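Here's the structure, in structure tokens; my notes come after.
For clarity, every value in this text was computed on a predicted model and none was experimentally measured.
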Amino acid sequence: MNKSTLLKKLNQTSRGNFFTIELPVESREEAETIENVAAELEREGKIKIRECELKETFIYIQGIIKYALT
């Protein structure tokens, strides 16, 4: 998953500026990739992550979208 795909998914699931999403993952490596992409978006100032947690079969991300353009 790349940054633009993740940002589009976050925009689709957002309510106002807040978002909550559960993304299915098949492996630990895929989960780490999604976490890294989300962290990169946070460093760029597009989102603010409140919670990012790996569950058994999905990764849960909650946060705020900050003036993100897709």
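- When side chains are defined from C-beta on, Lys46 does not count as touching Lys66, because their heavy atoms never get closer than 4.5 Å.
- By the 6.0 Å contact criterion, CD on Glu26 is open, its count of non-hydrogen atoms from other residues, nucleotides or ligands being 12 or less.
- Counting heavy atoms from C-beta outward, Ile65 and Phe18 have side chains that stay 4.5 Å or more apart.
- The minimum heavy-atom distance between Cys52 and Ile61, with the atom names listed, is SG-CG1, 4.0 Å.
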Q | side chain to side chain contact (heavy atoms under 4.5 Å, CB included) assessment of Thr57 paired with Val25 | A | CA-CA 6 Å; Thr57 59; Val25 293; 5.9 Å; no
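- Under a 4.0 Å N-O distance rule, the pair Lys55/Glu53 qualifies as a salt bridge.
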Q: Test side chain to side chain contact (heavy atoms under 4.5 Å, CB included) on Tyr60 and Glu51 and set out the steps.
A: CA-CA 8 Å; Tyr60 173 80; Glu51 184 177 352; 3.7 Å; yes
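- Interatomic distance, Glu40 CD to Glu44 CD, rounded to the nearest 0.5 Å: 5.5 Å.
- Judged purely by atom type and a 3.5 angstrom limit, Thr13 uses its side chain to pair as donor or acceptor with the backbone of Lys9.
- Looking at every heavy atom in both residues, Ala39 comes nearest to Ile49 through N-CD1, 4.2 Å.
- When side chains are defined from C-beta on, Ile59 does not count as touching Ile21, because their heavy atoms never get closer than 4.5 Å.
- The two residues Met1 and Thr33 have their closest heavy-atom pair at O-CG2, 4.3 Å.
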Q: Please assess Phe58 against Leu23 for the test side chain to side chain contact (heavy atoms under 4.5 Å, CB included), listing each intermediate value before the final yes or no.
A: CA-CA 5 Å; Phe58 61 89; Leu23 298 168; 5.9 Å; no
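- Between Lys3 atom NZ and Asn36 atom CG the span is 12.0 Å, to the nearest 0.5 Å.
- Atoms CD and CG, on Gln62 and Leu10 in that order, are 12.0 Å from each other to the nearest 0.5 Å.
- Proximity of a side-chain donor or acceptor of Ser14 to a complementary backbone N or O of Asn17 within less than 3.5 Å is not detected.
- At a threshold of 4.5 Å between non-hydrogen side-chain atoms, the residues Arg15 and Thr20 do not count as touching.
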